[in-house]
Every structure is written in structure tokens, then in C-alpha cells.
Amino acid sequence: PEPEPTISHYSLIILVQPSTNQVLFGKKLRGFGEGKFNGFGGKPNPNEPMRDCAVRETFEECGVQIPPEFLLSAGTLTFTGMGGKQMIIHLYRVNLDNFPFSVKASEEMAPTYFPISSIPYDQMFDDDKFWLPTVLSEPWSADLALEGNFHFDGDKISHYILTQNNNL
Ligand code: 6OG
């Protein structure tokens with residue numbers, strides 16, 4: 001029998017600033033995805049709810065304290081093709097125009113703003129170009145949920161399915 005795949009859950013938070021048409025990413029300075037730009041996020045601690053993980057990881061990695069009411073769920077992305085491991089990413093979107101914040105670099109992430117019109121997709125995970133444009137679109141409907149399934153062949157996506165649901 002095939003061994004059961006190991007499933008790991010992660011949060012991933014996209015910080016958008018519509019008033020300046022920018023997004024705040026972090027350049028990962030160590031570990032998995034080193035050198036790549038990405039949203040903030042990571043693995044929950046034991047028994048930690050995913051939303052709490054999202055708020056904690058964002059604060060740890062870039063100093064932005066997200067008031068929980070401004071953390072909007074944006075769907076889930078599932079990844080296969082990385083050996084016996086399967087990854088589920090719980091995606092969140094935050095509008096930085098909604099609250100005051102300060103940005104602070106961390107040992108793990110160098111926070112960097114990008115114009116929404118020039119996202120550095122060539123320095124990001126290969127899946128991002130498929131789903132990020134939707135998450136960056138304005139106006140954002142809090143009812144929107146992306147469901148993506150991505151299959152990696154090496155570091156490239158070989159096939160994927162992406163749907164956009166309206167949470168009724
Ligand atoms: P740490 O374990 O370093 O959290 N992540 C990915 N993000 C995208 N866009 N694509 C991927 O394709 C990803 N794989 C992992 C999830 C890792 C962070 O990196 C994200 C977490 O936010 C493979 O703390």
C-alpha cells in the first residue's frame with residue numbers, strides 16, 4: 001500500500017495597501033524559500049487556531065499587528081508533488097489602509113513594498129502568478145474564497161486547478 005502523505009498546514013497573509021497601489025512582501029532570509037519574496041506566515045503552534053497563527057506570524061516577521069477583524073480569509077491552496085508531503089496553505093488578505101501599523105524587519109524576513117503593477121513573480125514561488133492577481137484585485141469582496149490545487153514538478157507548476165467561490 002502507498003504510504004499516507006504527510007499534510008502540513010500553513011498560513012499565508014497578503015498585506016495590500018490600495019491607497020498607494022502597493023503590496024508588502026517579505027524576502028525570506030533563511031530556511032524554506034530562502035531568497036524568495038512572499039507574503040508572511042508559517043506553521044501554527046500546537047493547538048493554535050490558524051487565524052491566531054496568521055496574526056502572530058505577521059507580527060513576528062514584519063512587525064505589523066493585524067487587528068483580527070481586518071484579517072479576511074481568502075481561501076485555501078493545496079500543493080502536491082513535493083515528495084510524500086502535501087501542503088495546505090490558508091490564505092488571508094489584509095487591507096493596510098484600515099488601521100495604523102509600523103513595519104519592522106526581522107531575522108527571517110526583509111519587508112519590501114512593491115507596486116501592484118510590478119510584482120516580482122520571477123523571484124517568488126511558481127504558483128503565485130496564478131492566484132495572487134485575484135487576491136490583489138480591488139475592490140475585494142470579503143465573500144471571495146479561492147480554492148487552488150497545484151502540482152509541482154521540481155520548482156515549476158506542471159498543472160493546477162483554481163476556482164473562485166462566493167461564500168454564500
Ligand atoms: P515557514 O515554515 O518558513 O513558513 N509557502 C508558500 N507560499 C507560496 N506562495 N507558495 C508555496 O509553494 C509555498 N510553500 C510555502 C507558507 C513558510 C511560509 O511559506 C509559505 C508559509 O507562509 C510551494 O515559517
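Residue indices begin at 1 and follow the sequence shown. Numbering of ligands and ligand atoms starts at 1, following listing order.
Across all their heavy atoms, Glu57 and Lys43 have their closest contact at OE2-O, 3.6 Å. Pairing each heavy atom of Trp131 with each of Leu12, the nearest pair is CH2-CD2, 3.8 Å. Summarising the geometry of Leu71 relative to Ala54, their closest heavy-atom pair is CD2-CB, 4.0 Å, with the distance given to 0.1 Å.
For atom 8 (C) of ligand 1, the nearest protein heavy atom (residue, atom name, distance) is Phe125 CD1, 3.3 Å. Here the heavy atom of the protein found nearest to atom 22 (O) of ligand 1 is Ser11 O, 2.8 Å. Closest to atom 2 (O) of ligand 1 among all protein heavy atoms lies Tyr10 CE2, 3.6 Å. At the shortest separation from atom 5 (N) of ligand 1 among protein heavy atoms lies Ile89 CD1, 3.6 Å. For atom 4 (O) of ligand 1, the nearest non-hydrogen atom of the protein is Gly42 CA, 3.5 Å. Summary of contacts: the protein heavy atom closest to atom 18 (C) of ligand 1 is Gly41 O, 4.1 Å. Summary of contacts: the protein heavy atom closest to atom 12 (O) of ligand 1 is Asp127 OD1, 3.1 Å.
Checked against Glu147 for a side-chain hydrogen bond (donor to acceptor under 3.5 Å, both in side chains), the options Thr76, Thr163, Thr78 give a single hit: Thr76.
Cation-pi geometry between Lys28 and Phe37 is not met at under 6.0 angstrom from the ring centre and within 45 degrees of the axis. By the 6.0 Å and 45° rule, Lys129 does not stack over the aromatic ring of Tyr121.
Listed by number with element, the atoms of ligand 1 under 4.0 Å from a non-hydrogen atom of Phe32 are 14 (N), 15 (C). Ligand 1 places these atoms under 4.0 Å from at least one heavy atom of Phe152: 12 (O), 23 (C). For ligand 1 and Glu108, the ligand atoms under 4.0 Å from any heavy atom of the residue are 3 (O), 24 (O). The Trp131 neighbourhood of ligand 1 comprises atoms 9 (N), with distances under 4.0 Å to a heavy atom of that residue. Against a heavy-atom cut-off of under 4.0 Å, Asp128 is close to the following atoms of ligand 1: 8 (C), 9 (N), 10 (N). Every atom of ligand 1 with a heavy atom of Leu12 under 4.0 Å away is listed here by number and element: 7 (N), 9 (N), 22 (O).
Phe125 and Phe32 have their aromatic ring centers within a separation under 6.0 angstrom.
In terms of modelled atom types and a separation under 3.5 Å, the side chain of Ser11 and the main chain of Gly42 share a donor-acceptor contact.
Contacts of Met87 with ligand 1, taken as heavy-atom pairs under 4.0 Å, involve the side chain alone. With a heavy-atom cut-off of 4.0 Å, Asn38 touches ligand 1 through its side chain alone. With a 4.0 Å cut-off on non-hydrogen atoms, Phe130 does not touch ligand 1 at all.
The shell of residues lying under 4.0 angstrom from ligand 1, judged by heavy atoms, excludes Phe37. Taking 4.0 Å as the cut-off, Phe150 does not count as a neighbour of ligand 1 on heavy-atom distance. Note on ligand 1: Met124 sits outside its first shell, no heavy atom being nearer than 4.0 Å.
At a cut-off of 3.5 Å, with distance as the only test, no side-chain donor of Gln17 or Ser19 sits close to an acceptor on the other residue. Side-chain atoms of Thr80 and His151 form a donor-acceptor pair, as typed in the model, at a separation below 3.5 Å.
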Derivation and outcome, salt bridge (charged side-chain N to carboxylate O under 4.0 Å, His left out), residues Arg56 and Glu48: CA-CA 10 Å; Arg56 175 183 56 76; Glu48 183 183 34; 2.8 Å; yes

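Any N or O atom pair closer than 3.5 Å counts here, and Lys28 shares at least one such pair with ligand 1.
Contact check on Arg93 versus Glu138 returns a salt bridge, with a Lys/Arg side-chain nitrogen under 4.0 Å from an Asp/Glu carboxylate oxygen.
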